[in-house]
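This report concerns only the one structure given below.
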Amino acid sequence: MRRWRVFSLAIFMLVLLSGCGKEFQSTLIPQGEVAKQQLDLMLLATGMMVFVVLVVSIIFMYVVMKFRRKKENANLIPEQIEGNHKLELIWTIIPIILLFILAVPTVTKTFALADTKEASKENSDALVVNVTARLYWWEFEYKNQKIITSQELVIPTGEKVYLNLKGEDIKHSFWVPSLAGKMDANTDNANSMWLEADKAGTYNGFCTEFCGASHALMQFKVRAVTPEAFTGWLKQMAEQHGEVASDASEQVTKGEEIFNQSCITCHATDASDSRPAAARIAPNLANFGDRDTIAGILDNTPENVKKWLEDPNAVKPGNKMAGQYGDLTDTEIDAVAAYLSSLKVE
Ligand code: CUA
């Protein structure tokens with residue numbers, strides 16, 4: 001009885017979970033070329049496995065029923081077929097054919113999806129982004145455009161985006177379920193991959209290598225926009241130096257002042273790559289006001305900016321910002337929050 005209860009609960013959960021897929025976060029609802037090809041492979045492999053299990057089960061059931069001991073022929077020994085050449089050939093050749101059907105597309109696609117040669121060619125106009133994973137945030141450096149951002153990777157739709165992945169402190173792993181399978185961000189070598197988004201939208205990204213207390217909170221977004229919007233975004237980012245407009249409110253100006261006295265040692269508000277990689281020890285905030293989330297996990301609202309500034313460790317345990325910038329009064333926190341929210345390029 002207990003076993004049945006557990007079993008029916010598992011079935012119920014399976015049905016419940018199968019309804020969880022959303023296009024911004026599901027491998028099963030692919031939103032780009034790479035994810036589509038990977039899903040095709042999964043379906044092919046699963047389909048073949050189901051086919052084999054079905055055929056074997058049906059034959060097994062048939063044999064069990066047909067040759068079971070019956071009253072009328074209790075001592076009957078069916079025909080013995082050990083060493084039957086025909087049968088042995090059949091059950092050797094069928095698996096070989098099945099393996100071929102599985103291997104050919106798997107090998108072809110594996111090589112096609114790992115092909116990032118275009119990105120390393122000289123004078124290539126491919127879009128290359130160096131992704132750096134750190135405890136517990138992501139940096140995106142647009143190599144040829146010399147633009148840096150963090151936590152939100154902006155990409156154009158319908159174009160291959162080449163990524164070089166590295167982990168700065170320890171190993172992390174980069175995964176955007178709707179766009180591509182995951183790949184490790186190692187500390188001693190760069191892994192490269194590419195992905196593509198078919199249509200505009202915001203897709204959820206995750207760290208999928210256990211890296212510490214806030215591993216599960218090490219999230220990011222990929223925002224796909226039209227190619228025109230992307231070109232505009234790059235141009236705006238290049239012009240962003242984090243200065244407030246001359247007509248900004250007193251609170252925002254005050255916030256900038258406080259920011260430039262303490263936060264600027266770790267955080268940049270300039271989107272250019274003028275800081276050397278070693279000095280980029282905290283997320284670049286050049287377009288903070290445009291981002292969907294704060295720290296990758298909280299909705300970007302003024303209340304949440306304050307919540308984060310008051311106690312970063314309560315939001316993301318073990319993150320490196322905690323305790324780094326002294327105590328700000330409530331008014332100062334409000335001012336910094338107002339300044340950060342004003343950092344927009346769109
Ligand atoms: Cu970074 Cu898990």
Side-chain angles (χ1 to χ4, degrees), residues 24 127-134 136-157 161 163 176 197 200-205 218-249 251-253 255-256 258-260 263-275 277 279-306 308-309 312 316 321 335-346:
F24 55 83
L127 178 58
V128 183
V129 181
N130 293 329
V131 178
T132 310
R134 288 185 173 89
Y136 299 98
W137 59 280
W138 300 84
E139 181 187 83
F140 305 107
E141 176 188 18
Y142 296 75
K143 200 176 141 211
N144 300 327
Q145 293 74 12
K146 306 198 173 304
I147 291 293
I148 288 181
T149 186
S150 63
Q151 304 294 57
E152 209 171 283
L153 173 64
V154 179
I155 60 170
T157 52
V161 182
L163 306 174
V176 188
T202 303
Y203 307 100
N204 289 355
M218 190 171 162
Q219 300 177 15
F220 61 98
K221 303 275 177 201
V222 175
R223 193 151 53 86
V225 298
T226 60
E228 300 76 45
F230 181 70
T231 315
W233 181 80
L234 282 176
K235 193 166 164 282
Q236 301 268 287
M237 283 295 271
E239 287 163 11
Q240 169 67 291
H241 299 294
E243 287 127 15
V244 298
S246 50
D247 59 349
S249 72
Q251 193 187 33
V252 170
T253 318
E256 183 194 28
I258 299 165
F259 188 96
N260 287 344
C263 321
I264 201 94
T265 12
C266 304
H267 291 279
T269 51
D270 178 331
S272 79
D273 64 353
S274 53
R275 279 188 187 204
R280 300 184 214 138
I281 53 175
N284 185 300
L285 303 173
N287 62 340
F288 181 88
D290 293 327
R291 292 179 196 160
D292 276 8
T293 55
I294 301 161
I297 40 171
L298 295 176
D299 284 342
N300 194 350
T301 63
E303 297 74 47
N304 281 339
V305 182
K306 281 194 262 175
W308 171 259
L309 288 172
K316 226 175 193 180
M321 171 153 164
V336 173
Y339 168 63
L340 289 175
S341 304
S342 79
L343 293 172
K344 293 181 179 182
V345 301
E346 283 167 45

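Here the structure is a predicted model, which is why all the values come from computation and not from measurement.
Between L153 atom CG and Y142 atom OH the span is 4.5 Å, to the nearest 0.5 Å. Separating the CZ atom in F259 from the OG1 atom in T265 is a distance of 8.5 Å, to the nearest 0.5 Å. In this structure, the separation between CD on Q145 and CZ on F230 is 6.0 Å, given to the nearest 0.5 Å. To the nearest 0.5 Å, atom OG of residue S150 and atom CG of residue N284 are 5.5 Å apart. Taking CD1 of I264 as the start and CD of E256 as the end, the distance is 8.5 Å to the nearest 0.5 Å. Rounding to the nearest 0.5 Å places CG of D290 at 4.0 Å from CD of E346.
The heavy-atom pair separating G296 from Q151 by the smallest distance is N-NE2, 3.7 Å. When all heavy atoms of Q240 and A286 are compared, the closest pair comes out as NE2-O, 2.8 Å. Residues T253 and A248 share a closest heavy-atom pair of OG1-O, 4.0 Å. The minimum heavy-atom distance linking V252 with Y339 is given by the pair O-CB, 3.7 Å. Closest of all the heavy-atom pairs between A271 and M237 is CB-O, 3.3 Å. Residues I281 and C266 come closest through the heavy atom pair CD1-SG, 3.7 Å.
Side chain to side chain, N287 and K344 fail the donor-acceptor criterion of an N or O pair below 3.5 Å. Using a 3.5 Å distance cut-off with no hydrogens or angles, the side chains of D270 and S272 do pair a donor with an acceptor.
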- Starting from the C-alpha separation in whole Å, work towards a yes-or-no answer on side chain to side chain contact (heavy atoms under 4.5 Å, CB included) for M321 and L309. CA-CA 9 Å; M321 171 153 164; L309 288 172; 3.9 Å; yes
- Message: Does W233 form a side chain to side chain contact (heavy atoms under 4.5 Å, CB included) with T149? I'd like the steps, not just the answer.
- Response: CA-CA 12 Å; W233 181 80; T149 186; 4.1 Å; yes
- Task: Go through the steps to decide whether I294 and N300 satisfy the test side chain to side chain contact (heavy atoms under 4.5 Å, CB included), and finish with yes or no.
- Result: CA-CA 5 Å; I294 301 161; N300 194 350; 3.8 Å; yes
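Residues M218 and W137 fail the side-chain proximity criterion, which asks for heavy atoms closer than 4.5 Å. Contact of the L163 side chain with the V129 side chain is registered, since non-hydrogen atoms from C-beta on lie closer than 4.5 Å. Between F140 and E152 the shortest side-chain heavy-atom distance does not fall below 4.5 Å. Inter-residue side-chain proximity for F288 and V305 is flagged as met; some heavy-atom pair is nearer than 4.5 Å. Counting heavy atoms from C-beta outward, R291 and K221 have side chains that stay 4.5 Å or more apart.
Remark: the backbone N or O of A224 is not paired with any side-chain donor or acceptor of Y203 at under 3.5 angstrom. With N130 contributing its side chain and E141 its backbone, the two residues share no donor-acceptor pair below 3.5 Å.
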